[in-house]
Amino acid sequence: REVSMLFKLSHPCIVSLYGTSMDESNNVAYMVLEFCGGGDLAGYYKAPAFTTKEFVRIVNELLSAVAYLHERDIAHRDLKPANVLLESVSLKTKVADFGLAKSNRNTVTRGIGTPCYMPPEMFDEDEEPEKTSMLAVDIYALGVICAQLWLKAAPFENIGVHRIMS
């Protein structure tokens, strides 16, 4: 599913898929992705060189990528700094890891994603899943990422997963 979805996407802030390969001897599939040698956003935003100007650029790039996905009814469902790669020289952001992405805006599955980037209603068993759009899940995650970049700390960094989910 990830391969077929990535082949259809073409955006400057989404990692490109160049091809696939299969190792028949081990029955293992490989994806050939765009090289992003700048690491990921999780390791970058705490650096002293991370400025307000960088914050604005990164947020604009993330918003552009997510808007592109949502225009195509694709929800990433696991947006977080570790899934945002950086190009080597320009440090342009590239949204990556589409393993949980889904292309039906009205389908919501509880417990999919990384807990501290998921909206609270995804943990509420009384909440009807149909009332929460998958696209809204991405928007919530973007808000958490923006707060994390601006504050240079994750909003729920010192809270355990079980407490987040309760």
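Heavy atoms only: backbone and side chains are in, while hydrogens, waters and symmetry mates are out. Along the sequence shown, the residues carry numbers beginning at 1. No experiment lies behind these values; they were computed from the predicted model shown.
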Shortest non-hydrogen separation from [X] to [Y] and the atoms involved:
{"X": "Cys13", "Y": "Lys92", "value": "SG-NZ, 4.2 Å"}
{"X": "Val95", "Y": "Ala65", "value": "CG2-CB, 3.8 Å"}
{"X": "Tyr140", "Y": "Pro119", "value": "CD2-N, 3.4 Å"}
{"X": "Lys80", "Y": "Thr114", "value": "NZ-OG1, 2.9 Å"}
{"X": "Met5", "Y": "Ala101", "value": "SD-CB, 3.4 Å"}
{"X": "Ala82", "Y": "Ala42", "value": "N-CB, 3.9 Å"}

Indicate if [X] and [Y] have the same hydrophobic cluster label, given that clusters are the connected sets of ILVMFWY residues with side-chain heavy-atom separations under 4.5 angstrom.
{"X": "Leu17", "Y": "Leu69", "value": "yes"}
{"X": "Leu9", "Y": "Val3", "value": "yes"}
{"X": "Ile14", "Y": "Phe7", "value": "yes"}
{"X": "Leu33", "Y": "Leu85", "value": "no"}
{"X": "Ile58", "Y": "Leu151", "value": "yes"}

Would you say the side chains of [X] and [Y] form a donor-acceptor pair under 3.5 Å?
{"X": "Gln148", "Y": "Tyr45", "value": "yes"}
{"X": "Tyr44", "Y": "Glu54", "value": "yes"}
{"X": "Ser90", "Y": "Glu87", "value": "yes"}

Query - Nearest-0.5 Å distance, CG of residue Asp73 to NE2 of residue His70 - result: 9.5 Å
Query raised in the report: Roughly how far, to the nearest 0.5 Å, is the CZ atom of Arg57 from the OG1 atom of Thr52?
Result: 13.0 Å
Query raised in the report: Side chains of Ile145 and Pro81: does their closest heavy-atom pair fall under 4.5 Å?
Result: yes
Query - Side-chain heavy atoms of Phe50 within contact of Leu149, under 4.5 Å - result: yes
Report task. Carefully, step by step, assess Leu86 and Cys36 under the rule side-chain contact (heavy atoms from CB on, under 4.5 Å). Result -> CA-CA 5 Å; Leu86 302 165; Cys36 296; 6.0 Å; no
May I ask you to decide if [Y]'s main-chain N or O and [X]'s side chain share a donor-acceptor pair within less than 3.5 Å?
{"X": "Arg77", "Y": "Leu100", "answer": "yes"}
{"X": "Glu61", "Y": "Thr93", "answer": "yes"}
{"X": "Lys94", "Y": "Pro12", "answer": "yes"}
{"X": "Asn60", "Y": "Val56", "answer": "yes"}
{"X": "Asp138", "Y": "Leu79", "answer": "no"}
{"X": "Asn26", "Y": "Val28", "answer": "no"}
{"X": "His76", "Y": "Ala96", "answer": "yes"}
{"X": "Asn83", "Y": "Asp78", "answer": "yes"}

Requested in this report: Kindly indicate, with the supporting measurements, whether the criterion side-chain contact (heavy atoms from CB on, under 4.5 Å) is fulfilled by Leu142 and Leu62.
Outcome: CA-CA 8 Å; Leu142 282 172; Leu62 288 174; 4.1 Å; yes
Query raised in the report: Should Tyr30 and Met22 be marked as a side-chain contact (heavy atoms from CB on, under 4.5 Å) after you check the CA-CA gap, both sets of side-chain angles, and the distance that decides it?
Result: CA-CA 6 Å; Tyr30 296 94; Met22 183 71 174; over 6 Å; no
Query raised in the report: Honestly, is Arg72 close enough over Tyr68, meaning NZ or CZ under 6.0 Å from the six-membered ring centre and within 45° of the axis?
Result: yes
